[in-house]
Amino acid sequence: MEEKILLVDDDNEHLEMMERCLQRLEMNTASANGGAHAIEILKKDSFGIVVSDIEMPDIDGVGVLQFIKEHAPATDVILITGYTNKYSFTDVIKKGATDYLEKPFTRDALEAKVRRIFRERDEISRRKQIEEILKRKSRQLEKRVKELHCLYEISMLIDRNEHDLEEVFRGVLKLIPPSLQYPELTVARIVYQGKEYLSANFQETQWRLSQYMEIGDHEAGLIEVSYLENPGDDFEGPFLKEERDFINEIADKISRFQQRFNTAEKLREITEQLRLSHRDLEKKVFRRTKDLHDSQSELLSVFESVPDGIISVDTSLVVLHKNNRCMSDLTVERGKVFQPGASKFQQECHRILSHTLNKQEPVKDYRLEFQKGESSHKAFLVGTSCLTSKAGEFKGVLLIIHDITQVAVLEGQLRERRQFRQIVGESRKMQEVFQRIRQVASVDTTVLITGESGVGKELIVDTLHAQGDRASKNLVKVNCSALPENLLECELFGHVKGAFTGASKDRAGRIQLAEGGILFLDEIGDISLRLQLQLLRFLESKEFERVGESQKRTADVRVFAATNADLLEKVGDGSFREDLYYRLKVMVIHVPPLRERREDIPFLIDSFLAYFNSKFKKQISGVSRDAVDALMVHEWRGNIRELKHAFEHAFLLCRGTILELRDFPKEMITRQAEISTVQQPARTLTREVLLRALNDTRWHRTETARLLKISRATLYNKLKEFGLTGNNS
């Protein structure tokens, strides 16, 4: 032991006995012959423990104790008492002794007393260390809570002011100082596009931290925080690492908001330009069409001035006029019959002209799209107008071709937002799934995909594989719930000849077949604990053994796993290994059930219409209003799979061009009939009927208003009237 022990006694023989006892324990000891000698030693040196006899001629043990308590209070004192002493055991302890020994005593007794003191000191030291750690962790946690609260308030601020960038900046400047370690000294500023936004009393000092806000590869602005003065001698530096990370998070959040804000502004500008362009176009076409009835020469002038392609034909499809805007894909000549031609575009234009000639009715905004070359995609709106004389006699047809390629590009961008490869969804939760796929697709790490049955977890796996760096390699899938334990082990790891009855030759496992690519383990929660351990070893070391073989093999395989079970609950009941659970959940993608993203149902409807039209060679154009209502309020316990099967059922039964409610499965029809019974005028709406509708829509106000066929304002008035303010009413 490192601390020294002072032994005090006027009996040298007794001193030697105590020294031998403690030296045997490898303790550093010193001796004092009497109390006065002991005090002289204590003035020059320090000791962890003093063992002193009470009865001594010059200064007794109590006097030594009093000196120690006055000059070295951290030193523990053991006093040796006897029946002849004038001090009792109680007196010794009251005067401040740590412990006492009663004469006569054994070596073991002395050793036990000393060891107890050192153990208690160690325990006290450990407790102090633990207390310091807990205090430090508590301070860190409190600080992180403040930071998270600040980030949350910034998010709410952005949601409330999504169209007001300056209001967001001013709000952020108020939220930053209270979240740092010295709020009373902290000031902040934001610089954006050459303009400064400052918190109160802002000034530049030497204690500051700056972080740039980036949009794409460009610096869009700057966040800077400063301390107005040096916080004190215990100041750890300009800013803690956690505070730097915190400012980085704020800068990243505001950068994303700026990007969304700028994108929204551009889209509004483009939309306004398109609206104005369309309005101008309508005016021009109307004016030019009117001029056609007045003068042939004016018609030619109009044709050449309009930015759209215009062709006029007579009742025999002979081309009367065409302007220079007519694209090269139309091989037509003035004075000759408009022929179908070889290109699909010209064939469609010929068909539209023929229709107007035969029916003598115009065609409005017929959309044509085609590929021109390998990379150029073109889109047009084609329309026709009937040419008549002043007397009302039908004279021919005017064909107008408007290039909307740029609009089609914008529409394509919107479609990309709604659909990630084969996955459809514009809801916030699905956009988060898309973002997570983009983040982890090319990162070589384990991914756990969770969600109810039928939500499309395997489609997520296919997308991750196609988007990642291993897209050219194998994607090997294993359904863990479909195979018994022994067969699953062989499927995963393979086996050698003779490993078991029937093993007539070596066989490679799924892990080996997935070399360089991806192994997908579906329903991972159903495998046995023994296989869980083998799988954990493979995930940790990339090594495995075939069944019946002792040779270790390696495989470069990325692992995806999926489950519809609560793995954490399985960990709790012991049916799933905790270490495997945390090894799998390095990155989790949770796919929400369909009932939590009902706003995606219209886009899924469009997707399934296109899919089953192609599959069954039909031309169904849409879904009836009643059927859409039923689709929107159905519970969808089977999620996307159930929705797809419902559409397949409807396509098989449908005999027209619109899917009616009667074409869908019986349970949907019954559900819609129940809902229809609650639809009634607002003036007769009862509290019970309103409660039923609210429960049917899970208290979604917009859906409830649509279900009851009343306005949102009427719904809120009824909620207030009936005292229904929450889903627990």
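Both backbone and side-chain heavy atoms feed into the values below; hydrogens, waters and symmetry mates do not.
Lys253 places no side-chain N or O within donor-acceptor distance of the main-chain N or O of Ile158, the cut-off being under 3.5 Å. Here the side chain of Gln512 pairs no donor or acceptor atom with the backbone of Phe493 at under 3.5 angstrom. At distances below 3.5 Å, not a single donor-acceptor pair connects side-chain atoms of Ser125 with backbone N or O atoms of Arg121. Judged by distance alone, the side chain of Ser46 and the main-chain N or O of Leu42 form no donor-acceptor pair under 3.5 Å. Under a 3.5 Å cut-off, the side chain of Thr450 and the backbone N or O of Thr563 do not form any donor-acceptor pair.
Remark: Asn12 pairs with Asn33 by the side chain to side chain donor-acceptor pair (under 3.5 Å) rule, at least two apart or across chains. By the side chain to side chain donor-acceptor pair (under 3.5 Å) test, Lys113 pairs with Asp99, sequence neighbours left out. Residues that satisfy the ring pair (Phe, Tyr, Trp, His ring centres under 6.0 Å) test with Phe105, not counting sequence neighbours, are His14. Take Tyr152 and apply the side chain to side chain contact (heavy atoms under 4.5 Å, CB included) test, not counting sequence neighbours, and it matches Met156. For Glu166, the salt bridge (Lys or Arg N to Asp or Glu O under 4.0 Å) partners two or more places apart in sequence, or in a different chain, are Arg170, Lys195. Contacts of Glu549 classified as side chain to side chain donor-acceptor pair (under 3.5 Å), with partners at least two apart in sequence or in another chain: Arg553. Scored by the salt bridge (Lys or Arg N to Asp or Glu O under 4.0 Å) test, Glu543 finds no partners at all (sequence neighbours excluded). Legend: residues meeting side chain to side chain donor-acceptor pair (under 3.5 Å) with His149, ordered by chain and number and at least two apart, are absent. Not counting sequence neighbours, the partners of Cys150 by the side chain to side chain contact (heavy atoms under 4.5 Å, CB included) test are Ile154, Leu175, Ser179, Phe246, Ile250.
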Given the rule in the salt bridge (Lys or Arg N to Asp or Glu O under 4.0 Å) test, do Glu111 and Arg115 qualify, once you have shown the distances and angles that lead to the verdict? CA-CA 6 Å; Glu111 177 184 340; Arg115 285 186 181 276; 2.9 Å; yes
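Closest approach of Leu536 to Leu580, counting heavy atoms only: CD1-CA, 4.0 Å.
Using modelled atom types and a 3.5 Å distance limit, the side chains of Glu545 and Gln551 yield no donor-acceptor pair. No hydrogens or angles considered: nothing links the side chains of Asp108 and Thr106 as a donor-acceptor pair under 3.5 Å. Between the side chains of Lys174 and Ser199, not a single donor N or O lies within less than 3.5 Å of an accepting N or O.
Sequence neighbours left out, the pairs with a member in residues 41-70 that pass ring-ring contact (aromatic ring centres under 6.0 Å, His included) are Phe67-His71. Pairs passing the salt bridge (charged side-chain N to carboxylate O under 4.0 Å, His left out) check and including a residue from residues 31-48, sequence neighbours excluded, read Lys4-Asp45. Among residue pairs with one or both ends in residues 556-569, those qualifying as salt bridge (charged side-chain N to carboxylate O under 4.0 Å, His left out) are Arg470-Asp556; sequence neighbours excluded.
Leu6 has its side chain out of reach of Ile49: every pair of non-hydrogen atoms, C-beta onward, lies at least 4.5 Å apart. Counting heavy atoms from C-beta outward, Asp53 and Val8 have side chains that stay 4.5 Å or more apart. In this structure, Ile80 and Met18 have side chains that are in contact, with non-hydrogen atoms separated by less than 4.5 Å.
Aromatic rings of Tyr197 and Tyr192 (six-membered ring for Trp) have centroids beyond the 6.0 Å cut-off, not under it.
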